[in-house]
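Contents: one structure, followed by commentary.
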Protein chains: 2
Amino acid sequence: MAVTIKDLAKIAGVSYATVSRALNDHPEVSIETKEQIKKIARENGYSPNEIARGLVKKNTNTLGLLVPDISNPYFPEVAKGVEDRANREGYNIFLCNTGWNTEKEIQYIKTLRDKRVAGIIIAPAASDTYKKVKSLELDNPVVYIGSRSDDRSMSFVIIDNEKASSMATEYLIELGHTDIAFIGGNENSVANEERFNGYRNALKIHGLEREVHIVKGSSFNRESGFNLMSASIKEGRIPHAVVCANDIIALGVIEALESNFYNVPGDVSVVGFDDIAYASLPKINLTTVAQPKYDMGSMAADIVFRKIGARQSGAGNHIVLQPALIKRGTCRKR
Amino acid sequence: MAVTIKDLAKIAGVSYATVSRALNDHPEVSIETKEQIKKIARENGYSPNEIARGLVKKNTNTLGLLVPDISNPYFPEVAKGVEDRANREGYNIFLCNTGWNTEKEIQYIKTLRDKRVAGIIIAPAASDTYKKVKSLELDNPVVYIGSRSDDRSMSFVIIDNEKASSMATEYLIELGHTDIAFIGGNENSVANEERFNGYRNALKIHGLEREVHIVKGSSFNRESGFNLMSASIKEGRIPHAVVCANDIIALGVIEALESNFYNVPGDVSVVGFDDIAYASLPKINLTTVAQPKYDMGSMAADIVFRKIGARQSGAGNHIVLQPALIKRGTCRKR
DNA sequence: AGCTAATTCGTAAACGTTTACGAATGGCTG
DNA sequence: CAGCCATTCGTAAACGTTTACGAATTAGCT
């Protein structure tokens with residue numbers, strides 16, 4: 001159907017090798033024939049078959065990006081970072097929404113591998129993502145984003161979740177809160193665990209350990225935050241403050257508190273995590289810890305490209321960026 | 001580097017055609033050799049080269065999806081719809097963020113064409129997207145999502161933007177507002193235009209035409225909404241109500257109003273468009289018109305697959321879904 | 001003129017698959 | 001036992017490119 005390089009060759013009266021060279025601006029073809037061939041290509045609406053080209057060049061100009069939930073405003077931001085960076089290199093990205101499901105993750109990674117993507121960027125769904133991926137023994141460079149495994153051979157770009165969470169918790173402690181709860185997201189998520197650890201460590205350091213008020217997480221979404229907080233309220237457990245594993249969880253938590261006539265921050269202080277765009281709405285005004293989402297995306301892509309350049313896989317690249325506590329309106333002195 | 005079908009053939013002591021057939025479960029190879037070959041494939045970590053396969057099968061199992069701004073929560077939702085539907089067919093999707101830029105759109109489409117995607121789903125950036133795309137004379141099936149051109153040969157899945165906008169405007173009129181403003185998004189966006197027309201028609205029908213209070217749009221984002229409303233306020237133009245081309249614009253509008261000490265809905269009623277997830281937050285509680293975002297995505301993918309099945313391109317498929325006015329808390333009787 | 005070197009192009013192989021066609025083997029029927 | 005069909009596999013071509021190698025032509029130089 002589509003016009004190929006051979007068709008052009010027939011029209012131009014040259015061999016198809018010459019056509020290929022002309023279109024790729026090789027020096028060993030004369031200016032005139034180059035012009036001629038390019039003209040013919042234009043006139044016939046020729047479009048190079050990238051997949052044929054990819055076969056011989058062993059390069060698909062394609063990256064894979066796995067995110068747990070593209071509906072969480074955190075991820076579109078990193079996706080943009082990845083894509084913009086990839087674009088500068090002429091690469092496209094496969095977006096894969098894993099739904100916090102490691103099965104689906106592996107499924108996706110396998111097809112990305114079969115499609116011979118040049119690299120894979122993973123915002124992992126759970127802690128066993130790492131082993132599972134490792135067991136795949138991929139040839140493709142992989143870089144994790146948002147959380148890390150302790151396997152130093154893997155590359156990642158993260159913020160120090162634990163420290164960030166500690167910062168948030170200590171801020172709450174400074175404000176005079178002692179009964180501080182943690183409401184988590186997916187329990188098997190590494191980021192969730194790190195954030196929980198940061199929270200607990202901060203309490204421990206300030207001698208508040210016995211006050212730890214854990215609400216086990218379930219999912220990184222509004223409903224989960226709402227339900228967990230509601231349940232806690234129903235049990236009569238009303239903490240002074242709550243640190244949430246996520247901004248959207250925080251939104252659900254606030255929703256639950258206020259629908260039970262607890263004022264935020266009047267009665268309960270709340271701090272989120274991620275600083276999604278909607279956290280800064282005056283009506284929301286959520287105190288939270290910010291991550292450089294876009295930059296994390298572009299840096300992850302950057303690492304992939306470095307790995308592609310350097311032929312040997314080499315050691316893992318590790319980038320840990322600084323979080324920032326954004327003090328807004330959902331926390332108050334007690 | 002990677003193990004190929006020929007390597008497996010050598011190990012198994014059969015021809016590589018047999019290997020191919022075995023791995024694809026062709027009937028003409030005996031059960032035993034099939035098992036044998038599959039075992040060898042597993043042991044050697046064989047992964048089929050999809051791009052080589054794609055070359056001969058002329059099929060990449062890949063779709064392209066163009067969205068203007070993945071950061072607008074509307075688009076991740078349709079992206080999910082597209083992706084989930086595509087996944088059921090074993091397809092992956094290239095996500096392309098066009099930034100409301102038709103140049104970038106065309107650029108993307110060209111590389112998608114070169115990469116021989118099976119189909120392209122476009123949430124167009126502007127009204128001239130249609131002609132530009134048409135002039136590309138693509139072989140790939142294309143379906144538009146979110147807005148249509150009058151060229152009936154093109155496929156699309158949309159809601160009736162004009163009607164939806166009319167609904168919203170009439171609701172405002174019913175509530176007793178007469179001075180109703182429209183704050184738009186990107187001016188050359190078709191959806192924006194349709195929504196503006198719906199607004200104006202509603203006013204006309206109710207004899208309010210002279211009251212039309214147009215604030216020309218600039219972009220589909222919060223800053224734009226904020227700036228336009230702020231400017232209007234600065235000029236002393238405080239409408240009774242404002243219909244926004246977008247939820248995030250509405251958020252910006254509300255922000256501007258309230259930071260100037262106008263109460264919503266006490267002083268000014270506001271209605272948005274899209275019903276993004278954050279519109280339903282109690283603190284936001286935005287009255288808006290909802291689109292079945294996820295379904296629109298999956299239906300668009302559906303059309304693509306139908307087109308792939310039917311060899312001839314055929315007529316355009318047109319799906320127009322029903323919007324729903326979601327009455328929440330940002331509108332009040334006057 | 002004769003030789004070398006540069007320029008320009010064509011031939012063919014390769015990338016890793018799928019698949020049409022044909023060949024070999026074996027079993028069955030009459 | 002001849003003939004035939006079914007089963008199972010191999011050979012080779014094809015998909016649309018890139019590129020190493022070599023051939024042909026021209027130009028430059030002595």
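Numbered from 1 within each chain, the chains take letters A, B, ... in sequence-line order.
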Just the rounded figure in Å: distance from [atom2] of [N] to [atom1] of [X].
X	N	atom1	atom2	result
Ile5(A)	dA14(D)	CD1	P	18 Å
Leu8(A)	dG16(D)	CG	P	12 Å
Asp7(B)	dC15(C)	CG	C1'	13 Å
Asn59(B)	dG16(C)	CG	C1'	16 Å
Leu55(B)	dC15(C)	CG	P	14 Å
Lys34(A)	dT8(C)	NZ	P	9 Å
Lys6(A)	dA14(D)	NZ	P	8 Å
Asp25(B)	dC9(D)	CG	P	14 Å

What pair of heavy atoms forms the shortest contact from Glu77(A) to Ser71(B), and how long is it?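 Glu77(A) and Ser71(B) have their closest heavy atoms at OE1-OG, 3.1 Å.
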Of the listed nucleotides [options], the one nearest the side chain of [X]:
X	options	value
Glu28(B)	dT17(D), dT17(C), dT8(D)	dT8(D)
Ala17(B)	dA12(D), dC9(D), dG16(D)	dA12(D)
Tyr16(B)	dA12(D), dT19(C), dG16(D)	dA12(D)
Val56(A)	dG10(C), dC9(D), dC15(C)	dC15(C)
Lys58(B)	dA13(D), dC15(D), dT17(D)	dC15(D)
Lys57(B)	dT18(C), dC9(C), dT18(D)	dT18(C)
Thr33(B)	dC9(D), dT17(C), dC9(C)	dC9(D)
Ser30(B)	dT8(D), dA12(D), dT18(D)	dT8(D)
Thr18(B)	dA12(D), dT19(D), dG10(D)	dG10(D)

Taking the six-membered ring for Trp and the full ring for Phe, Tyr or His, determine whether the centres of Tyr108(A) and Phe94(A) are under 6.0 Å apart.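 When the ring centroids of Tyr108(A) and Phe94(A) are compared, they turn out to be at least 6.0 Å apart.
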So, does Arg53(A) get its side chain near the phosphate of dG16(D), meaning an N or O under 4.0 Å from OP1 or OP2?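 False: Arg53(A) side-chain N/O out of range (4.0 Å or more) of dG16(D) OP1/OP2.
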Given dC15(D), is OP1 or OP2 found less than 4.0 Å from the side-chain N or O atoms of Asn49(A)?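 Answer is no, no contact under 4.0 Å.
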How is Ser20(A) classified with respect to the nucleic acid when contacts are heavy atoms under 4.0 Å: base, sugar-phosphate, or nothing?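 Counting heavy atoms under 4.0 Å across all strands, the contact made by Ser20(A) includes a base.
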Answer yes when Asp84(A) and Lys80(A) have at least one side-chain N-carboxylate O distance shorter than 4.0 Å, and no when they do not.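 So Asp84(A) does not pair with Lys80(A) through a salt bridge.
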Salt bridge check: are Arg85(A) and Glu89(A) linked by an N-O gap of less than 4.0 Å?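 Between Glu89(A) and Arg85(A) there is a salt bridge, with a charged N closer than 4.0 Å to a carboxylate O.
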If you assign Ile31(B) and Arg116(B) each to the DNA chain D nucleotide with the nearest heavy atom, which residue ends up on the more 5' nucleotide?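 Residue closer to the 5' terminus by nearest nucleotide: Ile31(B).
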Closest-nucleotide 5' rank along DNA chain D - winner of Ala52(A) and Glu32(B):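 By nearest-heavy-atom nucleotide position, the 5'-most residue is Glu32(B).
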Considering heavy-atom distances to DNA chain C, does His26(B) or Ile51(B) have its closest nucleotide positioned more toward the 5' end?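 Result of the comparison: Ile51(B).
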Do Lys6(A) and Tyr16(A) meet the cation-pi criteria used here (NZ or CZ under 6.0 Å from the six-membered ring centre, within 45° of the axis)?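 Verdict for Tyr16(A): a cation-pi partner in Lys6(A).
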Could a donor-acceptor pair under 3.5 angstrom be found where the side chain of Arg21(B) meets the base of dG10(D)?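 Pair found.
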Above 12 or not: heavy atoms from other molecules or residues under 6.0 Å from CD of Glu43(A)?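 Correct, the count exceeds 12.
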